[in-house]
Amino acid sequence: MGSTDPYGRAIRDHYLGERDEPLIDRDGSATREHPIEAFYFEDVTGESETQRWVDAWLDGPLLDMGAGVGTEALYWQERHETVAIEISDHLVKTMQDRGVENALRADMFALPDRFDRNRFASVHAKGTQVGLVGSLQGLRRFLGDLSLVTKSAATAVIDLYDPEHERAVELLGFRDDPSPGLAYRVYHCEYEGDVSETLLFRLVSPDRLREATIGTGWEVAEISRSDTGYHYRAALRRV
């Protein structure tokens, strides 16, 4: 997020009951109202099939990257040690206010600068934020960094969009790519006249994700698709 961080500020205002305007995601003339309540404040109970699948792949100590307002972290910290990180000061403060015991400001793309080697047994990243690596080479660097801060038998769950699915073009900001299994997504956020930096996400198919893991110390163990088809979760494990 840029220094003004309209994204984090809108979500914090929502939490405080002080939000009077929508958070808008924009790509040119195309817009959508960001669904703050649905995306960040619905309780996690562990009863859904999706959550049971995610939980089966995770153990503690757990690093929850891009943890938002800490909804998952609040659930996991009752089960094992959990560290929740965000790049937005507004979101870190909101996590702390909500009772997340270990909420830190940290960049998920600079993990070795913040955490010791072999620190975590599992890693979680929700919200397709891994796509902010920008390229396949960036994805490989990210996975390599992830191997430095995780134990030898570590696991990870990340979620991404599959550009090869026919409905992927419905995503706001979708940009096609001539390379098989790849695309981009580009948009920015607006709140109360404040505009964020432009976000560029790299979309990769499960096959291209498998390709990107080669030589990083990780392998794709399992893929789980959501009802949309184009959104999927990948369970990774250290090799």
| field | Residue list, side-chain contact (heavy atoms from CB on, under 4.5 Å) with Ala56, at least two apart or on another chain | value | none
| said: If we count only N and O atoms by modelled type, under 3.5 Å, do the side chains of Ser152 and Arg238 hold a donor and an acceptor together? | reply: no
| field | Over all atoms of both residues, closest heavy-atom pair of Gly131 and Leu160 | value | N-CD2, 4.0 Å
| request: State whether a side-chain donor-acceptor pair under 3.5 Å links Ser88 with Arg9. | output: no
| Do Tyr161 and Val54 belong together in a cluster built from hydrophobic side chains that touch within less than 4.5 Å? | no
| request: Quick one: which residue pairs count as a ring-ring contact (aromatic ring centres under 6.0 Å, His included) with a foot in residues 162-192, not counting sequence neighbours? | output: Tyr187-Phe201
| message | So Trp57 and Arg237, do their side chains get closer than 4.5 Å, heavy atoms only? | response | yes
| Do Asp177 and Ser179 get their side chains close enough for a donor-acceptor pair, meaning under 3.5 Å? | yes
| No-hydrogen, no-angle side-chain donor-acceptor test under 3.5 Å, Thr50 and Ser48 | no
Please tabulate, for side-chain N and O atoms in residues 16-24, each donor-acceptor pair with protein atoms closer than 3.5 Å (sequence neighbours left out).
| residue | atom | partner | partner atom | Å |
| --- | --- | --- | --- | --- |
| Arg19 | NE | His14 | ND1 | 3.2 |
| Arg19 | NH1 | Glu21 | O | 3.1 |
| Arg19 | NH2 | His14 | ND1 | 3.0 |

| Val204 versus Leu136: any side-chain heavy-atom pair under 4.5 Å? | yes
| Only one of Asp64, Thr82, Asp55, Thr45 clears side chain to side chain donor-acceptor pair (under 3.5 Å) with Tyr75; which? | Asp55
| request: Give a yes or no on whether Ile85 and Val44 share a hydrophobic cluster (residues Ile, Leu, Val, Met, Phe, Trp, Tyr; joining criterion: side-chain heavy atoms under 4.5 Å apart). | output: no
| said: Tell me whether Asp145 is salt-bridged to Arg114, with the criterion being a basic N under 4.0 Å from an acidic carboxylate O. | reply: no
| Beyond-backbone contact of Tyr15 with Val69, side-chain heavy atoms, under 4.5 angstrom | no
